[in-house]
Number of protein chains: 4
Amino acid sequence: MRGVNKVILIGNLGRDPDVQFLEGNIAVAKFSLATTETFKDRAGKLISQTEWHTVVLWRGLAELAQKYLHKGSLVYIEGRLRTRSWEDKEGNKKFATEVVGDNLVMLDKRLDGHSGDHPLPSQGGSGLSTGSSESFGGLEIPPLSEPADDLPF
Amino acid sequence: MRGVNKVILIGNLGRDPDVQFLEGNIAVAKFSLATTETFKDRAGKLISQTEWHTVVLWRGLAELAQKYLHKGSLVYIEGRLRTRSWEDKEGNKKFATEVVGDNLVMLDKRLDGHSGDHPLPSQGGSGLSTGSSESFGGLEIPPLSEPADDLPF
Amino acid sequence: MRGVNKVILIGNLGRDPDVQFLEGNIAVAKFSLATTETFKDRAGKLISQTEWHTVVLWRGLAELAQKYLHKGSLVYIEGRLRTRSWEDKEGNKKFATEVVGDNLVMLDKRLDGHSGDHPLPSQGGSGLSTGSSESFGGLEIPPLSEPADDLPF
Amino acid sequence: MRGVNKVILIGNLGRDPDVQFLEGNIAVAKFSLATTETFKDRAGKLISQTEWHTVVLWRGLAELAQKYLHKGSLVYIEGRLRTRSWEDKEGNKKFATEVVGDNLVMLDKRLDGHSGDHPLPSQGGSGLSTGSSESFGGLEIPPLSEPADDLPF
DNA sequence: TTTT
DNA sequence: TTTT
């Protein structure tokens with residue numbers, strides 16, 4: 001590669017995801033995501049701007065979307081831009097730019113009383129008592145079980 | 001510039017922020033942030049890994065942190081890495097790497113009954129009814145009030 | 001803000017930038033950027049995939065583009081997605097998604113013999129009167145001149 | 001996952017990479033990377049600031065580093081922060097924060113006359129037997145060979 | 001310790 | 001339409 005094509009979004013779903021299963025039972029999810037940014041214009045006035053994105057997820061991520069995401073869900077999406085083009089029935093050239101996600105983080109707090117119902121995948125850091133000194137322990141490098149701290153550096 | 005130094009974190013505060021005011025009434029906030037990532041190792045086993053970061057915020061962001069962040073808060077931080085070094089009293093060279101934030105997004109849903117109490121800055125997209133076609137309208141480019149859609153392209 | 005809308009690209013310009021000056025002498029540059037990523041598909045075959053993006057730059061960044069970028073230039077662009085819609089003469093609804101850049105890093109080695117000729121600013125907005133401060137989204141630049149190491153932490 | 005820990009750097013190697021092979025013939029590369037950013041301080045003065053990062057690469061990426069990177073090389077690194085701690089011989093607690101890279105893009109123009117000599121893979125893991133698939137964090141690579149444009153949306 |  |  002001599003290129004980078006990366007998108008990072010945090011926003012809310014405008015509708016429930018639309019999930020389809022292709023042959024081979026491959027899941028594809030699609031939804032609109034609204035990102036709202038606020039900033040001051042040159043005059044110092046607060047401006048709020050919403051942008052809508054089409055997000056596409058494949059396979060495992062699509063299945064996660066189907067299980068856990070719905071209209072209003074707040075998510076972090078990391079992915080890449082992809083523009084498709086086609087001609088409609090009238091022969092007009094059409095373009096659509098989508099964000100193909102390869103990482104998804106659900107940011108909603110479960111507010112439902114019946115938590116535990118659906119075992120939400122993972123749970124980061126919350127409920128930590130103080131930890132920090134403890135947690136600095138030389139953790140293993142993720143996908144490996146190498147003796148990372150024996151490194152001869 | 002011929003360089004990029006960018007950090008993006010989503011995680012929970014390990015403690016309430018520590019906020020100080022320097023001369024000139026410049027606010028500086030500091031806190032530990034835990035980011036937890038989950039993934040499968042080579043054997044397919046789910047591994048959860050927590051990393052602790054020191055986050056430093058200046059001025060307006062520090063004041064936001066003081067007002068709205070506390071132990072357990074879930075935040076998005078965008079910033080850059082900065083390593084400081086010094087010698088302690090025994091003459092040992094010490095290093096500390098921090099994330100100096102230049103963007104902060106609070107990701108907690110307000111769960112408190114008395115919402116409205118503290119006017120949380122902005123509120124993105126949530127509660128949107130359907131919108132999408134409407135929202136595609138040719139929005140103005142942020143900090144400008146140029147007739148962006150009159151562009152001669 | 002309760003949202004994030006961020007794009008990071010590294011790629012080559014497909015053509016020289018198209019630069020226009022709006023009233024008020026505000027520069028706008030537009031160009032196509034090709035990002036090429038390579039990865040292995042499920043069968044282990046190397047796949048190379050090129051995606052084309054429309055990049056829009058304003059003010060100081062547009063002037064930088066005009067001065068230093070040309071067909072083939074390799075650049076890093078950081079920005080945000082923005083979709084515009086309009087109707088063409090036949091009444092067809094059209095959409096275009098662009099990347100509005102707020103940071104630009106030129107990655108080409110100057111190969112010209114007369115290097116040193118023009119002291120490449122190479123940073124968005126540097127040395128420009130219009131002063132695109134957009135790179136930091138209106139945020140306070142973390143103060144280098146602050147006595148950072150005297151921090152009472 | 002309920003967290004994000006992401007670093008994006010563009011900078012130059014301060015020295016040739018230090019590459020080691022652990023048992024199992026697993027490669028680990030380590031090097032210092034300088035990122036230089038330029039911006040204006042409050043007085044409008046141009047400030048250039050260099051930050052040094054320790055970058056660690058594993059497996060296929062480490063082998064790429066060994067083959068193609070050297071002192072001065074310009075690279076894009078995407079990875080995550082990881083802080084290790086240990087006690088030195090005097091019993092002093094020590095910390096080191098590193099960037100563990102999971103994506104590498106070489107940004108140097110090949111200036112050597114004998115270009116074409118070694119067909120630069122230039123993508124993390126490409127053409128390597130060890131096959132660092134870390135770049136995609138264990139996620140399914142979005143399937144290029146899927147009939148993406150036949151999607152029923 | 002890099003680079004412009 | 002770029003680049004390797």
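Letters A, B, ... mirror the listed sequences (proteins, then strands); counts begin at 1. What you see below is based on every heavy atom in this structure, not just the backbone, and it leaves out hydrogens, waters and symmetry mates.
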Participant: How long is the line joining NZ of K71(D) and P of dT3(E), in whole Å?
Facilitator: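 These atoms are roughly 7 Å apart.
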
Participant: So how far is it from N12(C) CG to T36(C) OG1, rounded to the nearest 0.5 Å?
Facilitator: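 Here the rounded value is 7.0 Å.
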
Participant: D16(C) CG to dT3(F) P: how many Å, rounded?
Facilitator: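 Rounding to the nearest Å, CG of D16(C) and P of dT3(F) are 11 Å apart.
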
Participant: Whole Å only: how far is the CD atom of Q49(D) from the P atom of dT3(E)?
Facilitator: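 Checked: the CD to P distance equals 19 Å.
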
Participant: If I take atom CD1 in residue I47(C) and atom P in nucleotide dT4(F), what distance separates them, rounded to the nearest angstrom?
Facilitator: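 Distance check: I47(C) CD1 to dT4(F) P gives 22 Å.
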
Participant: How far does CG of L33(C) sit from OG1 of T54(C), to the nearest 0.5 angstrom?
Facilitator: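 With rounding to 0.5 Å, CG (L33(C)) is 9.5 Å from OG1 (T54(C)).
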
Participant: Return the stacking result for dT2(E) and W52(D): yes when the ring centres lie under 5.5 Å apart and the planes under 30°, no otherwise.
Facilitator: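 No.
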
Participant: Looking for any heavy atom pair under 4.0 Å, which part of the strands does T50(C) touch: base, sugar-phosphate only, or nothing?
Facilitator: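 The answer is base, as T50(C) lies within the cut-off (heavy atoms under 4.0 Å) of a base atom.
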
Participant: Return the value, rounded to whole Å, for the distance between atom OH of Y68(D) and atom P of dT4(F).
Facilitator: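 Spelled out: OH on Y68(D) to P on dT4(F) is 15 Å.
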
Participant: Check whether the side chains of H53(D) and S32(D) place a donor and an acceptor atom closer than 3.5 Å, and report yes or no.
Facilitator: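 No - no donor-acceptor pair under 3.5 Å links their side chains.
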
Participant: Measure from CG on D108(C) to P on dT2(F) and round the result to the nearest Å.
Facilitator: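 So the two atoms are 15 Å apart, to the nearest Å.
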
Participant: Just so I know, are the side chains of K6(A) and V7(C) near enough to count as touching, which here means a heavy-atom distance under 4.5 Å?
Facilitator: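 When only atoms from C-beta onward are counted, V7(C) and K6(A) do not touch, as no gap falls below 4.5 Å.
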
Participant: Which nucleotide in the list dT3(F), dT2(E), dT1(E) gets nearest to the side chain of N12(C)?
Facilitator: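 Between dT3(F), dT2(E), dT1(E), the one nearest the side chain of N12(C) would be dT3(F).
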
Participant: Mind calculating the distance between CG (L69(C)) and C1' (dT3(F)) to the nearest angstrom?
Facilitator: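 Going from L69(C) (CG) to dT3(F) (C1'), I get 15 Å.
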
Participant: Can you figure out which of dT3(E), dT4(F), dT1(E) approaches the side chain of S32(D) most closely?
Facilitator: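 Nearest listed nucleotide: dT1(E).
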
Participant: Tell me the interatomic distance from F31(D), atom CZ, to dT1(E), atom C1', rounded to whole angstroms.
Facilitator: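 So the two atoms are 13 Å apart, to the nearest Å.
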
